[in-house]
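Any value given below was found using the heavy atoms of this structure, including those in side chains, with hydrogens, waters and symmetry copies removed. Note that the coordinates shown come from a computational prediction; the quantities given were computed from them, not determined experimentally.
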Amino acid sequence: MPGCYRLGWRHGLVEEVAKARDVGVNSIVLFPKVPDALKSPTGDEAYNDNGLVPRTIRLLKDKFPDLVIYTDVALDPYSSDGHDGIVREDGVIMNDETVHQLCKQAVSQARAGADVVSPSDMMDGRVGAIRAALDSEGFHHVSIMSYTAKYASSFYGPFREALDSNPRFGDKKTYQMNPANYREALVEAHEDEAEGADILLVKPGLPYLDIIRLLRDQSPLPIAAYQVSGEYSMIKAGGVLKMIDEERVMMESLMCLRRAGADIILTYFALQAARSLCGEKR
């Protein structure tokens with residue numbers, strides 16, 4: 001992914017966040033690259049209070065107290081199987097056992113200072129369980145951005161390669177959504193609303209503008225869109241090959257997400273786009 005790098009929690013990350021804040025970007029999402037030695041079938045490292053993500057949150061909050069930190073709640077970065085959930089011996093993803101782990105992960109992140117926890121696992125009932133777990137620990141102020149409509153998309157490839165997080169076997173189609181199914185997005189949105197979600201997210205972004213609009217028209221909650229690694233990389237590649245004007249296509253793609261109804265956009269273009277809006281050169 002051109003222009004994107006793994007940033008160490010001690011080296012590089014603080015400087016990158018400072019650059020973003022200088023051009024008006026004050027919200028970040030943390031995705032960890034966990035050493036294989038810390039991975040396990042049950043992903044217990046996900047709720048280690050001294051793990052990579054909690055340490056990073058504390059570091060950034062100490063440096064930038066008003067920074068809005070979103071975190072990823074899922075087991076795949078911590079799982080030796082590379083799946084978002086705990087895998088049974090026969091290959092079935094165990095929903096309730098996974099949700100139990102996700103609750104502990106969300107509480108650990110909140111304890112470190114996260115402002116918004118973002119369950120991306122697509123397990124059933126996890127939003128309500130996480131809300132209850134956060135509230136029971138006194139974290140009523142911590143919001144939940146649910147990956148409500150996360151599709152089993154082919155656009156995630158560059159991110160998975162960058163973090164070496166491809167599933168060890170099979171795929172994620174048993175818990176992520178079928179790209180051909182738009183009705184399920186409505187079902188998931190209604191469930192997440194009822195369970196206490198504060199923000200509903202659609203992933204990927206540009207190929208799913210209809211889903212963004214569908215949820216925008218049906219829900220009073222803020223809608224987020226995730227412009228994923230494949231979308232970003234295609235625009236970058238097209239620019240390198242001089243087949244498109246990268247800057248213009250970047251800004252048009254973000255505008256289209258906004259036009260479809262996205263109140264929040266997660267994008268790897270954040271710094272570049274903000275600089276463009278501020279009139280800076282690349």
Side-chain angles (χ1 to χ4, degrees), residues 9 27-34 38-62 67-87 93-150 163 165 172 175-176 188-189 191-203 221-224 226 264 266:
W9 73 285
S27 298
I28 65 164
V29 189
L30 296 175
F31 293 100
K33 171 63 177 80
V34 178
L38 296 178
K39 297 180 180 182
S40 67
T42 52
D44 294 348
E45 179 65 17
Y47 52 87
N48 176 4
D49 285 343
N50 292 312
L52 178 60
V53 170
R55 291 201 312 270
T56 303
I57 295 170
R58 291 193 292 267
L59 172 74
L60 291 173
K61 281 293 187 179
D62 182 62
L67 180 69
V68 180
I69 299 179
Y70 290 67
T71 56
D72 180 51
V73 178
L75 296 187
D76 53 327
Y78 308 92
S79 167
S80 50
D81 294 310
H83 277 281
D84 292 53
I86 299 173
V87 184
I93 305 298
M94 297 192 289
N95 190 96
D96 294 355
E97 292 82 352
T98 298
V99 170
H100 179 70
Q101 297 289 78
L102 298 177
C103 289
K104 291 188 284 186
Q105 181 183 14
V107 168
S108 176
Q109 294 172 349
R111 190 179 294 123
D115 299 288
V116 185
V117 297
S118 310
S120 64
D121 55 288
M122 292 301 288
M123 299 297 120
D124 292 333
R126 90 275 206 212
V127 172
I130 290 172
R131 182 73 272 162
L134 290 171
D135 289 352
S136 69
E137 295 292 328
F139 297 115
H140 306 278
H141 61 286
V142 175
S143 299
I144 298 175
M145 179 176 72
S146 174
Y147 282 55
T148 294
K150 182 179 182 180
L163 292 187
S165 64
K172 301 189 178 186
Y175 47 97
Q176 293 181 358
E188 295 288 347
E191 290 180 355
D192 287 354
E193 282 184 31
E195 291 177 24
D198 299 287
I199 304 167
L200 307 180
L201 182 138
V202 177
K203 181 182 180 183
L221 293 178
I223 305 299
Y226 192 156
I264 299 167
L266 286 70

### Message
Quick check: do Tyr78 and Ser40 have side-chain heavy atoms less than 4.5 Å from each other?
### Response
no

#### Entry: Cationic N near anionic O, under 4.0 Å, Arg126 to Asp96
no

### Query
If every non-hydrogen atom of Leu67 is compared with every non-hydrogen atom of Lys61, which pair is closest and at what distance?
O-NZ, 2.6 Å

### Query
With side chains defined as the heavy atoms from C-beta onward, is the minimum distance between Ile144 and Leu134 less than 4.5 Å?
yes

### Query
Between Ser80 and Pro41, which heavy-atom pair has the shortest distance, and what is it?
OG-N, 3.1 Å

### Message
Is the shortest side-chain heavy-atom distance between Thr98 and Tyr175 below 4.5 Å?
### Response
no

### Query
Within a strict 4.5 Å, meaning less than it, do heavy atoms of the Ile69 and Val29 side chains meet?
no

### Task
Before giving the answer on side-chain contact (heavy atoms from CB on, under 4.5 Å), spell out for Val117 and Met145 the whole-Å C-alpha distance, their side-chain angles and the decisive distance to 0.1 Å.
CA-CA 6 Å; Val117 297; Met145 179 176 72; over 6 Å; no

### Query
CG of Asp49 to CZ of Arg55: how many Å apart, nearest 0.5 Å?
12.0 Å

### Message
Does Val99 form a side-chain contact (heavy atoms from CB on, under 4.5 Å) with Met94? I'd like the steps, not just the answer.
### Response
CA-CA 9 Å; Val99 170; Met94 297 192 289; over 6 Å; no

### Query
Does some side-chain heavy atom of His83 sit less than 4.5 Å from a side-chain heavy atom of Ile93?
yes

### Query
Distance from Asp135 atom CG to Ile130 atom CD1, nearest 0.5 Å?
12.0 Å

### Message
When you measure from the side chain of Thr71 to the backbone of Gln109, do you find a donor-acceptor pair of N or O atoms at a distance under 3.5 Å?
### Response
no

### Summary
When rounded to the nearest 0.5 Å, the distance separating OH of Tyr47 from CD of Gln105 is 10.5 Å

### Message
Under a 3.5 Å threshold, yes or no: a donor from one side chain and an acceptor from the other, between Asp192 and Ser146?
### Response
yes

### Query
Are Asp198 and Arg131 within salt-bridge range, i.e. N to O under 4.0 Å?
yes

#### Entry: Which atom of Val34 lies closest to which atom of Pro77, heavy atoms considered
CB-O, 3.4 Å

### Query
Closest approach of Val142 and Ala114, non-hydrogen atoms and distance?
CG2-O, 3.6 Å

### Task
Measure the CD-CD distance between Glu193 and Glu188 for me, rounded to the nearest 0.5 Å.
12.0 Å

## Note on the structure
Correct closest heavy-atom pair for Leu102 and Val73 would be O-CG1, 3.8 Å

### Query
So, do Leu201 and Thr148 sit near enough that their side-chain heavy atoms are less than 4.5 Å apart?
no

#### Entry: Heavy-atom closest pair, residues Asp72 and Ser120
OD1-OG, 2.6 Å

### Message
Can you tell me how far apart CG (Asn95) and CG (Asp124) are? Round to the nearest 0.5 Å.
### Response
5.0 Å

### Query
Donor-acceptor pair, Asp84 side chain versus Asp76 backbone, under 3.5 Å?
no

### Query
How long is the span from the CD atom in Glu45 to the NZ atom in Lys39, to the nearest 0.5 Å?
11.5 Å

### Query
Do Tyr70 and Leu30 come close enough that some side-chain heavy atom pair is under 4.5 Å?
no

### Task
Measure from the side-chain N and O atoms of Lys150 to the backbone N and O of Val202, and report whether any donor-acceptor pair falls under 3.5 Å.
no

#### Entry: Any Leu52 side-chain heavy atom under 4.5 Å of Leu38 side chain
no

### Summary
Residues passing the salt bridge (charged side-chain N to carboxylate O under 4.0 Å, His left out) test with Lys104, sequence neighbours excluded, are none

### Query
Taking Ser79 for the side chain and Leu75 for the main chain, is one N or O donor matched with an acceptor at less than 3.5 Å?
no

